[in-house]
Q: 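Below you will find the structure I want to go over with you.
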Amino acid sequence: MVSVTRAVFGDLPLGAGTVEKFQLQSDQLRVDIISWGCTITALEVKDRQGRASDVVLGFDELEGYLQKQPYFGAVVGRVANRIAKGTFTLDGKEYKLAINNGPNSLHGGVKGFDKVLWTPRVLSNGVEFSRVSPDGEEGYPGELKVWVTYTLDGGELVVNYRAQASQTTPVNLTNHSYFNLAGQGSPNIYDHEVTIEADAFLPVDEVLIPTDLTDCSEPDGRHRHHWSSLGWKAQLGHPHGDQTPAHSGKNCSPSTASLGEIASVQGTAFDLRKPVELGKHLQEFHVNGFDHNFCLKGSKEKRFCARVHHAGSGRVLEVYTTQPGVQFYTGNFLDGTLKGKSGAGYPKHSGFCLETQSWPDAVNQPHFPPVLLKPGEEYDHTTWFKFSVA
């Protein structure tokens, strides 16, 4: 049985609207979601003793979410993650987006889906949010109708994303919650044990764009993948079809388009197929943290993506998704300056994100799983966050 209650969370400045909070409660979970950015503001989970703690980073008041902050709990779009140099070309036309992250466009631009008021509709076991992104919003082509639905089922929070476009446009939607299974406000996530079911990942350059694999000599001997080798099929009518050759050995694509590297996790810090304790793992491999896309196998069917276990509390988070990738981010840019819930400071590595999504810069990478949505099609993806104790 799930209860759903609604209340006023706060008013936007200059009479721009009222933000509501929706509380979903089952016997195992309590989730608070606001209509500003479809943002998860609290998620209470019991530990092995039955004590509930809030395991997501965020703010007590609306003002916290209106300030410059790192997308705590929000839905990001129209295109999550980075687009190199904020440009892409569709049907011979170049589109220029706002540059808001170094030289790139990040998470939909200056005013993405996280910074708008959505229209709510209460369901028996959750809440649906909807909005229309107008043609040209943040530089993207076409009007986009979007629905984001949160539902509870026992210990599982289910997030479904749907979208319909009036003209061809890239679409990539995710939720940017930061988790700490010890409870938000805990100083770090080093004692979390992480597993990610991925054989490949995307190496990135210094501005966190997938590395351009123009040198085919492969001096490091790493095995290369093509996305179709991971089980993904070209979408019918996708402009690049399935024609891009698998990039292995010295078989170079003749295309002048950038060719993002898809690398095997084998023998690297990115091999998380067996559980690793995060702090020890970062030390062992001399890694500053993760902010990388892991390439999931498969199809658009529900499948296991990741598992995080916090031994101290017994809390376990398992993530399942229909998406082709997950961005694992360890809060590398948190610096303790933001004051969160109950006055908590959020220092570096005090939360982690598992952002299920399409691959970064995919609109510029013809050999990545396609991200273009055409008129008459529907974007439809679901992610399941399953909480338990062990």
Side-chain angles (χ1 to χ4, degrees), residues 76-90 95 97 99-108 170-174 176 196 198-232 234 238-240 244-248 251-253 255-266 268-272 287-297 305 323-330 332-333 353-372:
V76 290
R78 178 176 304 195
V79 175
N81 217 310
R82 294 169 178 87
I83 294 178
K85 299 174 184 172
T87 65
F88 62 91
T89 301
L90 274 182
Y95 292 88
L97 312 172
I99 305 298
N100 65 332
N101 183 256
N104 306 313
S105 184
L106 175 69
H107 291 333
V171 179
N172 184 23
L173 305 176
T174 193
H176 209 300
I196 297 180
D199 296 331
F201 76 104
L202 301 183
V204 292
D205 62 19
E206 65 279 359
V207 293
L208 300 175
I209 292 292
T211 48
D212 189 356
L213 191 61
T214 52
D215 175 12
C216 303
S217 59
E218 299 191 13
D220 62 359
R222 278 190 291 184
H223 180 62
R224 315 298 183 189
H225 295 265
H226 180 259
W227 63 271
S228 60
S229 73
L230 298 170
W232 291 95
H238 180 62
H240 307 296
T244 311
H247 198 82
S248 59
N251 176 19
C252 289
S253 167
S255 169
T256 56
S258 62
L259 191 64
E261 179 181 2
I262 306 169
S264 171
V265 301
Q266 186 71 39
T268 74
F270 300 89
D271 192 347
L272 305 178
V287 176
N288 180 49
F290 291 97
D291 193 1
H292 294 77
N293 179 81
F294 286 76
C295 308
L296 304 177
K297 299 173 192 172
C305 163
Q323 290 275 22
V326 60
Q327 186 87 3
F328 179 42
Y329 174 51
T330 51
N332 312 329
F333 296 110
C353 305
L354 287 165
E355 305 160 57
T356 53
Q357 57 185 280
S358 292
W359 300 1
D361 198 35
V363 72
N364 290 314
Q365 304 281 355
H367 66 306
F368 284 5
V371 289
L372 297 182

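Scope of the values below: all heavy atoms of this structure, side chains included, with no hydrogens, waters or symmetry mates. Numbers for residues simply follow the sequence, beginning at 1.
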Q: Return the OG1 to OH distance between T89 and Y95, rounded to the nearest 0.5 Å.
A: 9.5 Å

Q: Mind checking the CH2-CD spacing from W359 to Q365? Nearest 0.5 Å is all I need.
A: 10.0 Å

Q: Scan L202, N172, I83 and name whichever one has a side-chain contact (heavy atoms from CB on, under 4.5 Å) with P360.
A: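 Answer after filtering L202, N172, I83: L202.
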
Q: Is a donor from one side chain sitting under 3.5 angstrom from an acceptor on the other, for N101 and N104?
A: no

Q: Can you name the nearest heavy-atom pair linking A200 to I262, along with the distance?
A: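 Smallest interatomic distance, heavy atoms only, reads CB-CG2, 3.9 Å.
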
Q: Can you name the closest pair of heavy atoms from P170 and L90 and give their distance?
A: CD-CD1, 4.2 Å

Q: Is the backbone of E355 close enough, under 3.5 Å, to the side chain of Q357 for a donor and an acceptor to pair up by distance?
A: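 Yes; at least one donor-acceptor contact below 3.5 Å.
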
Q: Say you draw a straight line from CZ of F201 to CG of D271; how long is it, rounded to the nearest 0.5 Å?
A: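 The CZ atom of F201 sits 10.0 Å away from the CG atom of D271.
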
Q: Please name the residue in the list D205, D361, N364 that meets the side-chain contact (heavy atoms from CB on, under 4.5 Å) test with P210.
A: D361

Q: Find the distance between CD (Q327) and NE2 (H176) and round it off to the nearest 0.5 Å.
A: 8.0 Å

Q: Testing the basics here: between N293 and G325, what is the closest heavy-atom pair and its distance to 0.1 Å?
A: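 Closest heavy-atom pair between N293 and G325: OD1-CA, 3.8 Å.
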
Q: Give, for atom NE2 of H107 and atom CG of N100, the distance between the pair rounded to the nearest 0.5 Å.
A: 9.0 Å

Q: If you compare all heavy atoms of D291 against all heavy atoms of R82, which two are closest, and at what distance to 0.1 Å?
A: OD2-NH2, 3.7 Å

Q: Shortest non-hydrogen contact from F290 to T330?
A: N-OG1, 2.8 Å

Q: What are the two closest non-hydrogen atoms of L296 and Q323, and how far apart are they?
A: CD1-O, 3.6 Å

Q: Nearest 0.5 Å please: distance from the CD1 atom of I196 over to the CG atom of L354.
A: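 I196 atom CD1 to L354 atom CG measures 5.5 Å (nearest 0.5 Å).
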
